[in-house]
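Here is the structure we will look at, set down as structure tokens.
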Number of protein chains: 2
Amino acid sequence: MSKSLLELTPVEAVACCSPVTREPLTAEAAERIAPLVKAIADPVRLRLLSLVASHADGEACVCDLGDAFDLSQPTISHHLKLLHEAGLLDRDKRGVWVYYRVNTAALGDLATLLGGVTA
Amino acid sequence: MSKSLLELTPVEAVACCSPVTREPLTAEAAERIAPLVKAIADPVRLRLLSLVASHADGEACVCDLGDAFDLSQPTISHHLKLLHEAGLLDRDKRGVWVYYRVNTAALGDLATLLGGVTA
DNA sequence: CTGAGACATAGATGAACTTCGATGTATGAG
DNA sequence: CTCATACATCGAAGTTCATCTATGTCTCAG
């Protein structure tokens, strides 16, 4: 979190904003938030996120994830990259393996933003 | 809510499922949920949702919404249709005007699903 | 009935996205 | 050093998506 305000990640940008239902989103805010939502707007990425989150120790290596899908390894790698770039998954390379972990704060921010009702 | 289990709307399907972070989503669940997320994975639709939600009386007619965007009327109509089909906006035609209202339960379900952390 | 206004639908176009096979990179074993 | 393994990157192919213009439908006023 050593970034200036001008280089906020999507996740950080979301965290600062009011829930969608309270006041109109500015065009700029919507442009920052949409990519984050888009990152989870895919069945494969939803399952990847879910698999990582519910995995033992809260992390999973790519080798564990690929088996659940009928997709090629590069495709899984691609989806993991998108989730990582959105700030929803953290990467940790240990030896030959790469472990992914859910950024729970990011998911929470997103949920809060959408659920102005329940917040 | 007079539908059988086999003709659930996306919104109803979401409402029945566990948060993403608790247990792995099945492929089928992910396929049902993703379209709902995709419906709000666009800056224009995020703003539309936000505009309707924060409008006086909780509803807004199309004529109120179009002015906020630099887009053609059919494009706005298209986005409203997607949000309506996803179950996030309710329609009500009164005379010549069509009023949209946010389905807060649907938004809440979505937020709950994503925010397994905060739920 | 006729015309105008509000909104939806239809078809077309260009951009973005998902997926793949092929290839590249890095780590560790022998 | 050499090779196998784990994962990422790189185009390419097919599909989906956002947007537009043109047109259709519905409602009300006159």
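Here is how names work: the chains are called A, B, and so on, in the same order as the sequence lines, proteins then strands, and each is numbered from 1. For clarity, every value in this text was computed on a predicted model and none was experimentally measured.
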Distance below 4.0 Å between A/Tyr100 side-chain N/O and D/dC7 OP1 or OP2: no

Side-chain heavy-atom pair B/Val37, A/Val37 within 4.5 angstrom cut-off: yes

Salt bridge (charged side-chain N to carboxylate O under 4.0 Å, His left out) partners of residues 37-55 of chain A, not counting sequence neighbours, each pair once: none

Backbone of A/Leu71 reached by a side-chain donor or acceptor of A/Thr75 within 3.5 Å: no

Residue closer to the 5' end of DNA chain C, A/Lys93 versus A/Leu82 (nearest nucleotide): A/Leu82

N/O (side chain, B/Arg45) to phosphate O (OP1/OP2, D/dA18) under 4.0 Å: yes

Length of the line joining A/Leu89:CG and D/dA8:C1', which is rounded to integer Å: 16 Å

Length of the CZ-P vector between A/Arg47 and C/dT18, whole Å: 16 Å

Side chain to side chain, B/Val102 and B/Leu49, heavy atoms closer than 4.5 Å: yes

A/His79 NE2 to D/dT9 C1', straight-line distance once rounded to whole Å: 15 Å

B/Arg91 side-chain N/O to C/dA8 phosphate OP1/OP2 under 4.0 Å: yes

Any B/Leu83 side-chain heavy atom under 4.5 Å of B/Tyr100 side chain: no

C/dA10 OP1/OP2 closer than 4.0 Å to side-chain N/O of B/His78: no

A/Asp42 CG - C/dA16 P separation (whole Å): 18 Å

Given C/dC7, D/dC7, C/dG28, the nucleotide with the shortest approach to the side chain of A/Ser77: D/dC7

Separation of atom CZ in A/Arg94 from atom C1' in C/dA26, rounded to whole Å: 17 Å

B/Leu36 vs B/Leu113 side-chain heavy atoms within contact, under 4.5 Å: no

Whole-Å distance separating the NZ atom of A/Lys38 from the P atom of C/dA15: 15 Å

Presence of B/Lys81 side-chain N/O under 4.0 Å of C/dT9 phosphate oxygens OP1/OP2: yes

Salt bridge flag under 4.0 Å for residues A/Arg91 and A/Glu85: no

Spacing between A/His84 atom NE2 and D/dC7 atom C1', to the nearest angstrom: 13 Å

Contact residues, residues 64-76 of chain B to DNA chain C [heavy atom, < 4.0 Å]: B/Gln73, B/Pro74

Whole-Å gap separating P (C/dA4) and CH2 (B/Trp97): 17 Å

